[in-house]
Amino acid sequence: MPFDLADDSSLAAWLAHHGPFDRILHAAAFTDVDGAETNRDLCHRSNVQATANLATWCGREGVPLVYISTDYVFAGNTTRQPLPPDWECTPRGVYALTKWQGETRVRELCPRNHVIVRISGLFGPGGRNFVKAIVNALRGPQPEVRVVDDQTCRVTYAPDLARALAQLDGAVGTYHAANAGALTWYEFALAIRDQLRSPKPMVPITSAELNRPAPRPVWSVFDTTSFDTAVGWPLPPWRDALARYMTAEGWL
Ligand SMILES: NC(=O)c1ccc[n+]([C@@H]2O[C@H](COP(=O)([O-])OP(=O)(O)OC[C@H]3O[C@@H](n4cnc5c(N)ncnc54)[C@H](OP(=O)(O)O)[C@@H]3O)[C@@H](O)[C@H]2O)c1
């Protein structure tokens with residue numbers, strides 16, 4: 001049954017039809033980071049209103065809510081050290097601000113039964129992602145691939161995250177989850193090219209050269225210690241995750 005999380009009655013009907021629930025994982029969001037700058041209302045509707053609706057229901061029913069958030073809440077961060085979950089949030093841009101507001105609603109409405117898991121650089125089967133975009137660019141007609149080299153983060157392989165979230169039963173609070181190791185997008189793209197054994201030139205560029213409408217975090221490297229401890233193991237190194245993903249897609 002299709003439904004709109006931002007429509008309270010449609011959500012209530014869906015929950016009544018599909019319950020009862022041990023816990024609810026809320027990953028839906030308006031994720032077009034640049035498009036959000038000109039679609040503020042739509043973005044607010046999905047990232048804040050829909051999240052508040054779900055959090056209200058979970059708070060009332062006592063069902064644990066796992067809310068997937070983002071490293072973009074640190075878009076204005078200038079400190080170069082691994083960021084723990086209680087690091088000051090500095091959201092910049094409509095997407096970042098609305099995801100942060102979504103977090104705030106979850107904490108207010110489910111004070112005792114929420115887990116907020118911030119992730120960054122999500123990739124995996126289905127949908128669009130950075131790895132797929134670089135593979136397509138390497139196999140496409142353009143003579144070179146230009147990739148930003150002044151944003152440092154960690155990346156998250158969806159199947160690894162899913163396995164870890166299954167272990168997070170009973171936790172409450174805010175966590176940072178990502179595969180091990182920090183990298184720039186250019187370094188990630190180079191690793192993808194190496195895996196494909198592609199000879200195509202790859203050129204590092206700055207965020208200013210790319211000139212996108214929404215700001216990106218310059219440094220959003222997570223400290224994942226509390227998540228790794230709660231789960232019982234750290235997510236594997238990103239190069240390992242990348243190789244598994246590219247194999248699963250049949251690119252290697
Ligand atoms: N991608 C990343 O690198 C990244 C990084 C950090 C955090 N995250 C977070 O991870 C989560 C998943 O990201 P993603 O990139 O996989 O997202 P995605 O591919 O854009 O998928 C988002 C899904 O949310 C659904 N949705 C949006 N608004 C809805 C509403 N009002 N009611 C019902 N469904 C709604 C969309 O449905 P339609 O297709 O029908 O619109 C879509 O299926 C998001 O919470 C995002 O903020 C992503």
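Counting starts at 1 for both ligands and their atoms, following the listed order.
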Can you pull out the closest protein heavy atom to atom 6 (C) of ligand 1? Residue, atom name and distance to 0.1 Å, please. I119 O, 3.2 Å
Taking the side chain as every heavy atom from C-beta outward, state whether Q101 and H44 have any pair of such atoms under 4.5 Å apart. yes
Touching ligand 1 at all, F130? Heavy atoms, strictly under 4.0 Å? no
Looking only at protein heavy atoms, what sits closest to atom 5 (C) of ligand 1 is G121 N, 3.9 Å
Determine whether R80 and T152 make a side-chain contact, defined as any pair of heavy atoms from C-beta on separated by less than 4.5 Å. yes
Ligand 1 N/O within reach of D71 N/O, cut-off under 3.5 Å: no
Which one of H176, H26, E103 satisfies the side chain to side chain donor-acceptor pair (under 3.5 Å) criterion with S69? E103
Of all the heavy atoms in A27, does at least one lie under 4.0 Å from an atom in ligand 1? yes
Is Y186 linked to L210 within one hydrophobic cluster, defined over Ile, Leu, Val, Met, Phe, Trp and Tyr using a side-chain heavy-atom separation of less than 4.5 Å? yes
Evaluate the side-chain proximity of L235 to N179: yes if any heavy-atom separation is below 4.5 Å, no if none is. yes
Between K99 and ligand 1, is there a nitrogen or oxygen pair with a distance under 3.5 Å? yes
Which protein non-hydrogen atom lies closest to atom 32 (N) of ligand 1, naming both residue and atom, and how far is it? L5 N, 2.9 Å
Does atom 29 (C) of ligand 1 have any protein heavy atom closer than 4.0 Å? yes
Do NZ/NE/NH1/NH2 and the carboxylate oxygens of R216 and D34 come within less than 4.0 Å? yes
Given the protein's heavy atoms, is any one of them under 4.0 Å from atom 39 (O) of ligand 1? no
Identify the protein heavy atom lying closest to atom 25 (C) of ligand 1, giving its residue, its atom name and the separation to 0.1 Å. A28 CB, 3.8 Å
If we only count N/O pairs under 3.5 Å, is F30 in contact with ligand 1? no
So, do V117 and V66 sit near enough that their side-chain heavy atoms are less than 4.5 Å apart? yes
Nearest non-hydrogen protein atom to atom 46 (C) of ligand 1, with distance, is Y95 OH, 3.5 Å
Please check this pair: side chain of N113 against backbone of C58, looking for a donor-acceptor N/O pair closer than 3.5 Å. yes
May I ask you to say whether R154 pairs ionically with D71, meaning some side-chain N is under 4.0 Å from a carboxylate O? no
Polar contacts were defined as any N/O atom of the residue lying under 3.5 Å from an N/O atom of the ligand; does this apply to S69 and ligand 1? no
Under a 4.0 Å threshold between the charged nitrogen and the carboxylate oxygen, would R45 count as salt-bridged to D41? no
Quick look: W14 vs ligand 1, heavy-atom contacts under 4.0 Å, and the answer is neither
Which of the numbered atoms in ligand 1 are under 4.0 angstrom from any heavy atom belonging to D4? 30 (C), 31 (N), 32 (N)
Could you point out which residue of H114, R107, R118 forms a side chain to side chain donor-acceptor pair (under 3.5 Å) with T174? R107
Compare all side-chain heavy atoms of I24 with those of L15 and state whether any distance is below 4.5 angstrom. yes
Is L122 in polar range of ligand 1, meaning some N or O pair under 3.5 Å apart? yes
Hey, is atom 43 (O) of ligand 1 touched by any protein heavy atom at less than 4.0 Å? no
Has ligand 1 got any nitrogen or oxygen that is less than 3.5 angstrom from a nitrogen or oxygen of S120? no
Compare A178, G126, A29 and give the one whose heavy atom is closest to atom 22 (C) of ligand 1. A29
Note the single closest protein heavy atom to atom 10 (O) of ligand 1, along with its residue, its atom name and the distance in Å. I68 CG2, 3.5 Å
Where the side chain of S198 meets the backbone of D194, is there a donor-acceptor pair that is under 3.5 Å apart? no
Ligand 1 contacted by F3 (non-hydrogen, < 4.0 Å): yes
Which residue, Y157, W185, Y245, F123, forms the ring-ring contact (aromatic ring centres under 6.0 Å, His included) with F130? W185
Side chain, backbone, both or neither: which applies to T31 and ligand 1 if a contact is any heavy-atom pair less than 4.0 Å apart? side chain
Residue-ligand contact A158/ligand 1, heavy atom below 4.0 Å: no
Closer than 4.0 Å and a protein heavy atom, does any atom meet both conditions relative to atom 19 (O) of ligand 1? no
